[in-house]
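A short worksheet on the structure shown next.
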Amino acid sequence: MNDQQEIPLWEVFIRPRNGLAHRHCGSLHAADATMALQAARDVYTRRGEGQSIWVVPSMQITASDPTQKGENFEAQEDKIYRHPTFYEVPDEVGHM
Amino acid sequence: MYSQGLIGAKTDSDETPEFLAAFQARIDADEKIEPNDPMPAGYRKTLVRQIGQHAHSEVIGMLPEGNWITRAPTLRRKTALLAKVQDEGGHGLYLYSAAETLGVSRRQMTEELLSGRAKYSSIFNYPTPTWADIGAIGWLVDGAAIMNQIPLCRCSYGPYARAMIRVCKEESFHQRQGFEIMMTLCKGTQAQKDMAQDAFNRWWWPSLMMFGPHDSDSTNSDQSMLWKIKRFTNDELRQKFVDATVPQAEYLGLTIPDKDLKWNPDKNDGRGGYGFGALDWDEFWSVVKGNGQMNRDRIRVKKAGWDNGEWVREAALAHAKKRKARAAVQHAAE
C-alpha cells in the first residue's frame with residue numbers, strides 16, 4: 001500500500017443517552033462512513049455506552065491554532081464583568 | 001483524536017533551557033499535555049515508544065487466548081473469553097489512536113511490530129497448552145496489567161490517560177473471569193487442581209517480570225517519573241502485585257512456586273509485605289530478545305493476518321472511491 005492509500009481516520013462522537021450532547025470519545029480508521037459507523041459501534045459501545053453515534057473524517061475538522069492560544073483565550077480572563085459574581089446584590093434581596 | 005494532520009508534521013521543538021523549564025513547570029503543576037502542545041522531543045519519543053509497545057501488547061495478547069476460544073469448556077466460558085479477546089482488540093485501537101496523536105502513523109507502527117523493531121510485552125511469548133492457562137492469564141497477567149495501568153490513568157499526556165481510563169474500566173472483568181476459572185478448577189477433581197497448579201507454576205514468575213527490570217537497572221525510569229508518564233517505579237508496582245496476589249493464591253489452595261516467599265513486617269514502610277525470591281533476568285532478556293517459545297509464532301500469525309487482509313483493505317478503499325465518484329456524478333446530474 002502506498003501513502004495515498006492510507007485508510008482515512010475518523011473521529012467518533014457518542015450520545016450516551018437522549019438528552020445529552022454527542023461527545024468525542026476517540027478515533028478509528030475506516031474506508032468509508034458506513035464502515036466507520038460499524039467499527040465505532042463495535043469499538044466504543046460494547047457496554048451500552050451509546051444511543052447514537054456520529055463519525056466525522058478527521059481531515060474535515062478545523063482546529064484553532066495552539067500557538068494563538070493567548071490571543072484567542074487569554075483576552076477573556078480579565079473580563080470578569082461577564083460573570084454574575086461581578087455584580088453586587090445585597091443579601092436581603094435574596095437569590096437572584 | 002485529531003491526529004491525521006499531525007502525521008509526518010514537523011515535530012521539532014526549540015529545546016532551550018527556558019523551554020524545558022517551562023514544560024517541566026506545566027508537568028509539575030499537574031497540567032495535562034495535549035497533542036498540539038509544544039513538548040520536548042524526548043517526551044514525544046518516550047510516549048511513542050511506550051504507547052506503541054502497549055498497543056502491540058494488547059493485540060499480540062489476543063493470540064494466546066484466542067487459541068482457546070473454540071475449545072472453551074462451556075458456552076458461558078466461551079462467550080466470556082470471546083468478549084475478553086474482543087476487548088483486547090479494542091484496547092489496542094484506543095492506544096494506537098493515542099500514539100497517532102504524537103505524529104506516528106498506524107501503518108508505521110504495524111510495520112515496526114511485524115519487522116520486530118517494536119517490542120510488546122514478553123509475557124505473550126509463553127504458550128497456553130491447557131485451559132488452566134486461560135484462568136492464570138486472566139487472573140495474573142491481567143491482574144499485573146491492571147496494577148501497571150491504573151497509575152497511567154493519571155499520566156501527564158492527555159490522550160494516553162483518557163485511553164487508559166477506558167481500558168481500566170473494561171479490564172476488571174478480565175481478571176475476575178480468570179480468577180473464576182481458577183476457582184472452578186481448584187474446587188474440582190485432583191486432575192483439575194493439578195492443572196491449575198501447573199499453570200500457576202508457569203505464569204507466576206513471568207507475571208512478576210511484567211513490571212520490568214529492577215529500578216536500579218531500568219534506564220528510562222527516572223525521566224519518565226519526572227515527566228509523570230510513570231507514577232510508580234517497577235519495583236513498587238511489583239511489590240503491590242505480590243502483596244495483593246499471595247492471599248488470593250492461598251484462597252485457591254495453590255502453592256506459590258517460590259521457596260523464599262515470606263511475610264516481612266518491615267516491608268512497605270513497616271506496614272508489612274511479602275519478601276520474594278530472585279527473578280531470573282537471564283530468562284527475561286532472552287525472551288525479550290526473541291528466544292521465547294512463541295516469539296516467532298506470534299509474529300508469523302500477526303503477519304499472516306496483515307498480509308491476508310491486504311486485499312480486504314484495498315477492496316474497501318476501492319469501493320469507497322467508486323461510491324464517492326458515483327455520488328458525484330449523480331449530484332452533477334441533478
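Sequence lines set the chain letters: A, B, ... in the order given, protein chains first and strands last, and positions in each chain run from 1. Only this structure's heavy atoms are used, side chains among them; waters, hydrogens and symmetry mates stay out.
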Next item on the list: Side chain from CB out, backbone as N, CA, C, O: work out which of these in A/T34 comes under 4.5 Å of a heavy atom of chain B, or both, or neither.
Entry: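 Only the side chain of A/T34 comes within 4.5 Å of chain B.
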
Notebook entry, point to check: Tell me, which pairs form a side-chain hydrogen bond (donor to acceptor under 3.5 Å, both in side chains) where one or both residues lie in residues 75-87 of chain B, sequence neighbours left out?
Noted result: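 Sorted result for residues 75-87 of chain B: A/R46-B/D87, A/R47-B/D87, B/E65-B/K84, B/R76-B/E180, B/R77-B/E180, B/R77-B/T184, B/K84-B/E88, B/K84-B/D142, B/D87-B/H174.
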
Separation of [Y] [atom2] from [X] [atom1] (nearest 0.5 Å):
X     : Y      : atom1 : atom2 : answer
A/T67 : B/D37  : OG1   : CG    : 11.5 Å
A/S27 : B/Y94  : OG    : OH    : 11.5 Å
A/I7  : B/L317 : CD1   : CG    : 5.0 Å

Greater than 12 external heavy atoms within 6.0 Å of [X]'s [atom1]:
X      : atom1 : value
A/R41  : CZ    : no
B/R176 : CZ    : no
B/K324 : NZ    : no

Notebook entry, point to check: Which pair of non-hydrogen atoms, one from B/A320 and one from A/A31, has the smallest distance, and what is that distance?
Noted result: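 Answer, listing the atom of B/A320 first, then A/A31: CB-O, 3.4 Å.
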
Next item on the list: Measure B/E170 against the heavy atoms of chain A and call it side chain, backbone, both or neither at under 4.5 Å.
Entry: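 For B/E170, the contact with chain A is made by backbone and side chain together.
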
Side chain proximity check, [X] to [Y], heavy atoms < 4.5 angstrom:
X      : Y     : answer
B/S97  : A/L9  : no
B/R166 : A/E49 : yes
B/Y96  : A/H29 : no

Next item on the list: With sequence neighbours left out, write down each residue that passes side-chain contact (heavy atoms from CB on, under 4.5 Å) with B/P17, or none if nothing qualifies.
Entry: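 side-chain contact (heavy atoms from CB on, under 4.5 Å) list for B/P17, sorted by chain: empty.
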
